[in-house]
Peer 1: 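Got a structure for you, questions after.
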Amino acid sequence: MALGLAALSVLAFVAIRETLDRQIDASLIAVASIQAASLTDAPTGEMQFHEWELTPDEAAQVRDLNRFAQVWSEDGLSLLRTRYITRDLPLDSAALRGAARGELIWVEDTFQGIPVRSLFYPLGRLGPLHGQHVLQVAAPLETRNRMLRNAALLMTALLLVIAGGTVIGSWWLADRAVRPVQDIIVQAEEIGGQTLGRRISAHADSREYERLVQVLNTMLARIDAAFDAQRRFTADASHELRSPLTAMRGELELARRRPREPAEYERVIDSALEEVVRLSRVAEDLLTLARSDAGVLQARLVATDLVACARRVVERLRIAADARQVRVIVTGPADAVADVDEDLVNQLLWNLIGNAIRFAPAGGTVDVALVRDGGEVIVRVTDTGPGIPENALDRIFDRFYRVDEARTASAGVQGTGLGLAIVHVIAGLHRAKLSAGNRPAGGAEFIVRFPSS
Ligand code: ADP
């Protein structure tokens, strides 16, 4: 912008100078022709300028417009001068020669310390009598130079003010535009691992940055939730591992205090073994979840007959079911085939059917019904147990979540609270839809919809 303005100023300056020069030249020609005419008008035939005395006031007013005139002979002899000058005008001999030949010649020079522009005007064109005479008319250039100086000063000042204003203005605008982002950055930087609950409040309701702040805050909320879940998971896991270890240690220390009967030792060993089994199950479940979190638990999908899978799992759970006098029924079509990782799906079925057997009352029934429905194979596991309380339904798949310790304990084997979390992870790996609910007739109902092959 500054460069453009500078170029414009230079152009304007040149245009003003041209105009002023043209006016001066035009006035010089006009004055020269008038003076030349007055020369010939003299009745005596003598040369004389057509001029009269101005009052001092008038003279002061036309001072800048004054034109000096002088007639030269061909060889540079002064023949006549206007009355306003007391000395000869600066004579340029080349110009004199040119004018004597009949040309109009322009020359710039100084006269009595001031710059002047002269026109050498051939008088030969007025008649043979003046063939060797040249009229020089000069105009002082002071006014023109002053005007040009003032114009240059004005333009430079304007240029500086506009360019300076533009720099300051754009600085201010850019700063205003960037400041909110800076504010948001400062607040975002202050949020760390210990202060994840904080949110960005700067410019949260400005039209331009509302969305950015919203997106950042949503992201913070997600990170906060993930951190929180991780913290709770670690705390729950340590608790889950420490309690049985403490119990086992207590029992073993007690047994070692004095010699005991073999039957007593056997009981302690059995109890310790039970805890060890439970601990290794918890450790295995934790490992599965940790691998899933780390993204290393992957499903190797192979077309698998899910009815056959369900039957094999039920077979392995037969002893537990018989012990609780629970009937397990598997039904399904021959084409209930889906692309699944068989090991993972076996674990999913084991957890669901195992839970159903644990919660079904003695003499109850567990139904494992598989159905092909369009592009899906639906696995539905229902039991005739107490079902899941409505308020627990949306937390049932959370890690370490147990509906109610007393109820779980009364169902026999103590759970880890990780079984359904693992079911959830495995379903996710297969892009299967998972839901938990209750049958109208009572008893829990778990439904997994696998995309079929
Ligand atoms: P756990 O190993 O403690 O059973 P799960 O994750 O498998 O942990 O189950 C979480 C909770 O869901 C359990 O505490 C239990 O109360 C409830 N639950 C699971 N399956 C059933 C079911 N078939 N009937 C009633 N409640 C169930």
Side-chain angles (χ1 to χ4, degrees), residues 229 232-233 235-237 239-244 274-290 292-293 297 310 313-314 316-317 320-321 323-330 344-369 379-429 432 434-448:
R232 248 180 304 125
F233 180 60
D236 287 348
H239 176 76
E240 208 62 36
L241 294 173
R242 205 183 52 184
S243 307
E274 201 176 291
E275 291 296 357
V276 169
V277 168
R278 204 179 105 73
L279 275 175
S280 40
R281 225 181 44 235
V282 173
E284 234 163 76
D285 287 352
L286 284 176
L287 188 64
T288 307
L289 290 172
S292 150
D293 287 348
L297 185 66
V313 170
V314 168
R316 279 163 51 208
L317 281 163
R324 298 187 52 80
Q325 296 169 0
V326 172
R327 211 150 57 94
V328 186
I329 303 166
V330 180
L344 291 176
V345 163
N346 280 345
Q347 192 174 353
L348 175 142
L349 291 171
W350 173 278
N351 289 1
L352 286 182
I353 301 170
N355 275 353
I357 293 172
R358 267 167 53 207
F359 285 96
T365 314
V366 170
D367 257 316
V368 184
V379 182
R380 192 163 154 271
V381 181
T382 52
D383 60 58
T384 51
I388 301 152
E390 284 298 319
N391 61 3
L393 277 176
D394 55 343
R395 298 199 51 202
I396 200 96
F397 296 110
D398 287 358
R399 296 169 184 192
F400 293 113
Y401 180 75
R402 272 165 275 190
V403 169
D404 143 19
E405 298 280 351
R407 218 163 55 103
T408 313
S410 74
V413 190
Q414 211 190 342
T416 60
L418 291 175
L420 288 182
I422 287 175
V423 167
H424 187 254
V425 163
I426 295 174
L429 284 174
L434 173 66
S435 64
N438 290 305
R439 293 192 315 145
E445 172 183 68
F446 287 89
I447 298 176
V448 194

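As the structure lists them, so they are numbered: ligands from 1, and atoms in each ligand from 1. This one's a predicted model, so the numbers in the text were calculated from it and none came from an experiment.
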Peer 1: Starting from the C-alpha separation in whole Å, work towards a yes-or-no answer on side chain to side chain contact (heavy atoms under 4.5 Å, CB included) for D367 and V381.
Peer 2: CA-CA 6 Å; D367 257 316; V381 181; over 6 Å; no

Peer 1: Mind checking what makes side-chain contact (heavy atoms from CB on, under 4.5 Å) contact with A392, not counting sequence neighbours?
Peer 2: I388, P389, Y401, V403

Peer 1: Parallel, tilted or perpendicular for F400 and F233, by the 30°/60° rule?
Peer 2: tilted

Peer 1: Any nitrogen or oxygen of R358, main chain or side chain, under 3.5 Å from a nitrogen or oxygen of ligand 1?
Peer 2: yes

Peer 1: Near R402, which atoms of ligand 1 are under 4.0 Å from a heavy atom of that residue?
Peer 2: 3 (O), 14 (O)

Peer 1: Give yes or no for whether the N/O distance cutoff of 3.5 Å, strictly under, is met between F359 and ligand 1.
Peer 2: no

Peer 1: Is a salt bridge present between R232 and E240, judged by a nitrogen-to-oxygen distance below 4.0 Å?
Peer 2: no

Peer 1: Below 4.0 Å from any atom of ligand 1, is there a heavy atom belonging to G417?
Peer 2: yes

Peer 1: Indicate, as side chain, backbone, both or neither, the part of V423 found under 4.0 angstrom from ligand 1 when only non-hydrogen atoms are considered.
Peer 2: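 The answer is neither.
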
Peer 1: Any atoms of ligand 1 less than 4.0 Å from a non-hydrogen atom of I396? List them with their elements.
Peer 2: 12 (O), 17 (C)

Peer 1: Checking the N or O distance criterion of under 3.5 Å, is ligand 1 in contact with I388?
Peer 2: no

Peer 1: Using side chain to side chain contact (heavy atoms under 4.5 Å, CB included), reason through T365 and V326 one step at a time and then give a plain yes or no.
Peer 2: CA-CA 5 Å; T365 314; V326 172; over 6 Å; no

Peer 1: Of G443, P389, G387, A360, which has the heavy atom at the shortest distance from atom 25 (C) of ligand 1?
Peer 2: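 When every heavy atom of G443, P389, G387, A360 is considered, G387 comes closest to atom 25 (C) of ligand 1.
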
Peer 1: State the atoms of ligand 1, each with its element, that fall below the 4.0 Å cut-off from a heavy-atom position in A444.
Peer 2: 22 (C), 23 (N), 24 (N)

Peer 1: For R327, I'd like to know if atom CZ has over 12 heavy atoms of other residues, nucleotides or ligands within 6.0 Å.
Peer 2: no

Peer 1: Heavy atoms only, cut-off 4.0 Å: how does Y401 contact ligand 1, side chain, backbone, both, or neither?
Peer 2: backbone

Peer 1: Check whether any N or O atom of A421, backbone or side chain, sits under 3.5 Å from an N or O atom of ligand 1, and answer yes or no.
Peer 2: no

Peer 1: Nearest 0.5 Å, what's the CG-CG distance between L289 and L297?
Peer 2: 9.0 Å

Peer 1: Determine which pairs satisfy side chain to side chain donor-acceptor pair (under 3.5 Å) with at least one residue from residues 380-389, sequence neighbours left out, and list them in order.
Peer 2: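 Matches after skipping sequence neighbours: R380-E445.
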
